[in-house]
2 protein chains.
Amino acid sequence: MSLTVYKRGQLAKLTSCNSETIRYYEKINLLPEPTRGSNGYRYYNNDHLQRLGFIMKSKSLGFSNDKIRELLEISRGIGQHTRAEAKALTESHLEQVRQRISDLKKIETTLSQISHQCDGANESADHCPILLSLFDQNLAKV
Amino acid sequence: MSLTVYKRGQLAKLTSCNSETIRYYEKINLLPEPTRGSNGYRYYNNDHLQRLGFIMKSKSLGFSNDKIRELLEISRGIGQHTRAEAKALTESHLEQVRQRISDLKKIETTLSQISHQCDGANESADHCPILLSLFDQNLAKV
DNA sequence: GCTTGACTCTGTACTATCTACAGAGTTTAT
DNA sequence: ATAAACTCTGTAGATAGTACAGAGTCAAGC
């Protein structure tokens, strides 16, 4: 219905997306090509606005551009796709997030340990426990 | 003391570092240039071995290459650097790790919520709660 | 109507952190 | 001797953008 159009900068402001990034998303087929004015300017419609909002939200949840492209395809598919696909994508991503958290927690523990071993005195870094830990062949694998 | 030398592939195996990556680390001044044989081959010594071990361990703790370069400089500096510097670098990195964990936990919560809202049935993705969430203007900011 | 500033266009280069490949030369094993 | 495995250089690709140069366009104020 709405015939509202937006120039690139306006779309950028409305979505908090860098305006150069909008061009980039078009290049990698995340955002469809908008119509062009006779001046060559891109003119976006409300569908672009909604899609870019979707992209920004998915990004904030850590989805990769490839995953976002898949999610957009599912949402656009006319009955071709199922909720099972959307859920599978989400669950698989969630698993990755959990794995990453688990990895980072191990890193946090190790960093915290080696940091506590160093008094941080304003003296020569010779024999600094942190550096020695990093040189240590036997530092626990993270 | 030890006059052991290693070719690139040997160093790679000993450190579990990809051999192309060793070349890359030399390019970005993370690993000093080794001596070259008359055939142009790189011949590494035990100092390189130890440094690359340091790099790999630091990487496994999530330090960026720039931070690793600083840590190496501190460890190499002849009394020029202090333990305070090493500790500050570590603490600042630890803070970043904690922040990242906190961000990921929020993402995990949101993903888990929207995933639970979807039954994942093998039916049309129309009205899929996950996709609707991602299109929703009001989805809680992560 | 003109000027000025803001915007947009294209293409390309840069960030970080590697990884991989082509085509040539070298070493090693059988 | 020959073939496999290794190394050399330089360059391109992946991921996810960001930034800039140089040209053209639009909008507001005078």
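Letters A, B, ... are given to chains in the order of the sequence lines, protein chains preceding strands, and every chain is numbered from 1. Heavy atoms only: backbone and side chains are in, while hydrogens, waters and symmetry mates are out.
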* By a strict heavy-atom criterion of less than 4.0 Å, which residues belonging to residues 18-40 of chain A are in contact with DNA chain C? -> Arg23(A), Arg36(A), Gly40(A)
* To do: Start with the C-alpha distance between Ile22(A) and Tyr44(A), add both sets of side-chain angles, then the distance that settles side-chain contact (heavy atoms from CB on, under 4.5 Å), and finish with yes or no.
  => CA-CA 11 Å; Ile22(A) 293 176; Tyr44(A) 298 94; 3.3 Å; yes
* Asked: Is a side-chain donor or acceptor of His116(A) paired with a backbone partner of Gln113(A) at a separation under 3.5 angstrom?
  -> no
* **Protein-nucleotide distance (Leu52(B), atom CG; dC18(C), atom C1'), rounded to Å** => 14 Å
* Derivation of the salt bridge (Lys or Arg N to Asp or Glu O under 4.0 Å) call for Glu70(B) and Lys67(B) -> CA-CA 5 Å; Glu70(B) 287 185 63; Lys67(B) 291 274 185 80; over 6 Å; no
* Taking any atom under 4.0 angstrom from a heavy atom of chain B, which nucleotides of DNA chain D are the first and last to qualify, 5' to 3'? -> dC6(D) to dG10(D)
* Structure fact -> Sequence neighbours excluded, the answer for side-chain contact (heavy atoms from CB on, under 4.5 Å) partners of Ile28(B) is Tyr24(B), Tyr25(B), Leu30(B), Asn65(B), Arg69(B)
* Sequence neighbours left out, what passes salt bridge (charged side-chain N to carboxylate O under 4.0 Å, His left out) with Arg42(B)? Give chain and number order. => Glu26(B)
* Using heavy atoms to find the nearest nucleotide of DNA chain D for Ser64(A) and Gly9(B) separately, return the residue whose nucleotide is more 5′. => Gly9(B)
* Whole angstrom is fine here: how far is it from OH in Tyr41(A) over to P in dA6(C)? => 14 Å
* To do: Check the angle between the aromatic planes of Tyr41(A) and Tyr43(A) and answer parallel, tilted or perpendicular using the 30° and 60° thresholds.
  => tilted
Contacts table for residues 85-101 of chain A: side-chain donor-acceptor under 3.5 angstrom, sequence neighbours left out:
{"unit_1": "Glu85(A)", "atom_1": "OE1", "unit_2": "His81(A)", "atom_2": "ND1", "d": "2.9"}
{"unit_1": "Glu85(A)", "atom_1": "OE2", "unit_2": "His81(A)", "atom_2": "ND1", "d": "3.2"}
{"unit_1": "Glu85(A)", "atom_1": "OE2", "unit_2": "Thr82(A)", "atom_2": "N", "d": "3.1"}
{"unit_1": "Lys87(A)", "atom_1": "NZ", "unit_2": "Ser115(B)", "atom_2": "O", "d": "3.1"}
{"unit_1": "Lys87(A)", "atom_1": "NZ", "unit_2": "Cys118(B)", "atom_2": "O", "d": "2.7"}
{"unit_1": "Thr90(A)", "atom_1": "OG1", "unit_2": "Ala86(A)", "atom_2": "O", "d": "2.8"}
{"unit_1": "Glu91(A)", "atom_1": "OE2", "unit_2": "Ser115(B)", "atom_2": "OG", "d": "2.3"}
{"unit_1": "His93(A)", "atom_1": "NE2", "unit_2": "Leu61(A)", "atom_2": "O", "d": "2.8"}
{"unit_1": "Arg98(A)", "atom_1": "NE", "unit_2": "Glu108(B)", "atom_2": "OE2", "d": "2.8"}
{"unit_1": "Gln99(A)", "atom_1": "NE2", "unit_2": "Asp103(A)", "atom_2": "OD1", "d": "3.0"}

* Excluding sequence neighbours, so at least two apart, what forms side-chain contact (heavy atoms from CB on, under 4.5 Å) with Lys13(A)? -> none
